[in-house]
Amino acid sequence: MATTEAAKFKKSDLIPIPQPPDYHPEITVSPQHDGLHFWQFMIAGSIAGMVEHMAMFPIDTIKTRMQVLGSCPIKSAGLRQALQSILKSDGPAGLYRGIGAMGLGAGPAHAVYFSVYEMCKETFSRQHPNNPAAHAAAGVFATVASDAVFTPMDMVKQRLQLGSESPYKGVFDCIRTVLKEEGFGAFYASYRTTILMNAPFTAVHFATYEAAKRGLLGVSPDSASDERLVVHATAGAAAGALAAAVTTPLDVVKTQLQCQGVCGCDRYANGSIRDVLRTILRKDGYRGLFRGWMPRMLFHAPAAAICWSTYEAGKSFFQDINTDDRGSRMT
């Protein structure tokens with residue numbers, strides 16, 4: 001009776017079907033969100049960071065020279081005077097002094113930056129993908145991780161940007177000299193200030209970018225795919241300019257800490273932000289906290305446009321590859 005009942009309720013579609021002896025089920029690793037793997041975010045971010053910083057490096061040099069106080073070549077806060085002084089003392093090549101350090105630092109740092117951002121954005125906004133608070137928080141986590149990678153090379157870059165009066169012959173000479181004379185801690189003298197600057201910078205940047213991107217895509221959703229590059233560039237430029245304007249004072253403090261003791265620049269005994277702020281206010285007043293604000297905005301607006309456009313183009317490239325790869329496995 002029991003055997004008859006079991007046979008009566010047994011469904012044929014649940015009966016295991018024997019597989020041929022050469023059958024091997026395919027095991028695949030599922031991609032991260034946006035159809036990409038973690039390493040693909042890293043490559044796209046690394047390329048975007050290097051393109052951004054290399055393209056805008058001359059503007060960054062002008063900003064650095066304007067922000068340095070003391071007996072260094074630039075004492076005027078004027079953009080034109082700063083540029084003329086660099087060209088007079090070092091020629092056009094002076095605008096690119098230190099670009100090697102930027103190349104060594106920007107690639108790895110931006111690989112960390114964007115991959116951490118994408119992971120955190122997915123985690124924090126899983127239920128609400130358009131949550132600006134989640135985007136801002138993801139940006140803060142990303143900048144803390146990437147600044148740990150980038151800060152040493154950023155210090156080397158800024159010291160070389162001081163021009164021919166800088167005592168260093170190049171990137172590796174600067175690294176050797178700093179290690180010998182100041183110790184390893186000198187490479188991270190500005191890390192705390194960098195975090196305090198870049199945390200609000202990144203929060204404003206990412207929240208503005210995501211909001212501007214949604215707004216621009218909503219203007220003409222039918223042609224969104226055709227205008228994708230323009231949307232990313234415009235949203236990135238707006239985000240970069242706003243974030244740069246808000247955080248200029250802390251950027252001045254960071255430059256002071258990274259260039260201290262070079263070319264006659266002030267040296268700070270304890271490296272505290274308060275000590276640097278007092279020195280700037282005493283020497284140059286409140287306007288000293290906004291030295292270089294114009295080249296900083298001129299840097300970050302197009303730099304963010306270049307970076308986001310390159311990054312999104314890299315993501316699209318990998319998405320196409322992944323789609324083609326999945327399609328070939330199904331056929």
Side-chain angles (χ1 to χ4, degrees), residues 46-70 72-107 109-110 113 150-174 190 194 197-198 201 205 233 236-245 247-248 251-252 254-256 258-259 262-263 265 290-311:
S46 178
I47 294 172
M50 293 185 69
V51 170
E52 167 200 358
H53 285 286
M54 297 295 191
M56 301 305 299
F57 194 81
I59 305 296
D60 185 62
T61 299
I62 295 172
K63 182 216 70 167
T64 296
R65 298 280 284 268
M66 288 173 66
Q67 289 180 339
V68 173
L69 298 175
C72 289
I74 303 299
K75 293 184 180 180
S76 171
L79 180 62
R80 184 189 304 174
Q81 293 90 334
L83 177 59
Q84 289 174 344
S85 179
I86 293 171
L87 294 176
K88 182 179 179 180
S89 61
D90 299 304
L95 294 170
Y96 291 92
R97 201 166 193 270
I99 196 170
M102 176 62 77
L104 290 173
H110 278 73
Y113 187 82
F150 187 60
T151 295
M153 282 296 105
D154 188 47
M155 185 275 285
V156 173
K157 182 259 307 180
Q158 287 204 306
R159 292 195 177 196
L160 291 173
Q161 284 177 321
L162 296 181
S164 57
E165 295 189 19
S166 172
Y168 311 111
K169 298 176 182 178
V171 175
F172 296 106
D173 178 57
C174 181
S190 69
T194 302
M197 174 187 71
N198 283 343
F201 177 94
H205 185 106
L242 179 60
T247 56
T248 293
D251 187 54
V252 176
K254 184 204 75 168
T255 299
Q256 290 288 301
Q258 293 192 155
C259 296
V262 183
C263 295
C265 301
F290 289 91
R291 274 180 176 260
W293 70 269
M294 187 178 295
R296 181 167 163 77
M297 289 186 67
L298 289 174
F299 174 91
H300 280 286
I306 292 170
C307 185
W308 279 110
S309 300
T310 306
Y311 177 63

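- No donor-acceptor distance shorter than 3.5 angstrom exists from the side chain of Gln161 to the backbone of Ile99, with no hydrogens or angles considered.
- The backbone N or O of Lys254 lies less than 3.5 Å from no partner atom in the side chain of Ser190, so there is not a single donor-acceptor pair.
- Between atom OH of residue Tyr96 and atom CD1 of residue Ile86 there is a gap of 12.0 Å, rounded to the nearest 0.5 Å.
- The minimum heavy-atom distance linking Val156 with Ala101 is given by the pair CG1-CB, 3.9 Å.
- For Ser309, the side-chain contact (heavy atoms from CB on, under 4.5 Å) partners two or more places apart in sequence, or in a different chain, are Leu229, His232, Ala233.
- With sequence neighbours left out, Leu298 forms a side-chain contact (heavy atoms from CB on, under 4.5 Å) with Ile59, Leu79, Met294.
- Nearest heavy-atom pair across Ala82 and Met66 is CB-CG, 3.4 Å.
- For residues 48-64, the salt bridge (Lys or Arg N to Asp or Glu O under 4.0 Å) pairs, not counting sequence neighbours, are Asp60-Lys63, Asp60-Lys157, Lys63-Asp251.
- Across every non-hydrogen atom of Ala106 and Gly49, the tightest pair is CB-O, 4.1 Å.
- To the nearest 0.5 Å, the span separating OG1 on Thr61 from CZ on Arg97 amounts to 10.5 Å.
- Annotation: the span from Ile62 atom CD1 to Leu87 atom CG amounts to 7.5 Å, rounded to 0.5 Å.
- Legend: residues meeting ring pair (Phe, Tyr, Trp, His ring centres under 6.0 Å) with Phe201, ordered by chain and number and at least two apart, are His205, His300.
- Among residue pairs with one or both ends in residues 87-96, those qualifying as salt bridge (Lys or Arg N to Asp or Glu O under 4.0 Å) are Arg65-Asp90; sequence neighbours excluded.
- Scanning both residues, Ala48 and Cys307, for their nearest heavy atoms gives CB-O, 3.4 Å.
- For the side-chain contact (heavy atoms from CB on, under 4.5 Å) test, residues two or more places apart in sequence or in another chain that qualify with Ile306 are Val51, Ala55, Met56, Thr310.
- Taken from CG in Leu160 to CE in Met155, the straight-line distance is 9.5 Å, to the nearest 0.5 Å.
- Of the listed residues (Val252, Thr248, Thr247), just one forms a side-chain contact (heavy atoms from CB on, under 4.5 Å) with Met197, and that residue is Thr247.
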Are Phe150 and Met102 close enough, and set up right, to give a side chain to side chain contact (heavy atoms under 4.5 Å, CB included), and what steps lead you there?
-> CA-CA 9 Å; Phe150 187 60; Met102 176 62 77; 3.7 Å; yes
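- The line from CD of Gln158 to OG1 of Thr64 is 4.0 Å long, rounded to the nearest 0.5 Å.
- Listed here is the closest heavy atom pair of Ala304 and Gly240: CB-CA, 4.0 Å.
- In this structure, the side chain of Arg296 does not engage the main chain of Ala245 through any donor-acceptor pair within 3.5 Å.
- Aromatic ring pairs are classed by plane angle as parallel below 30°, tilted from 30° to 60° and perpendicular above 60°; the pair His110 and His53 is perpendicular.
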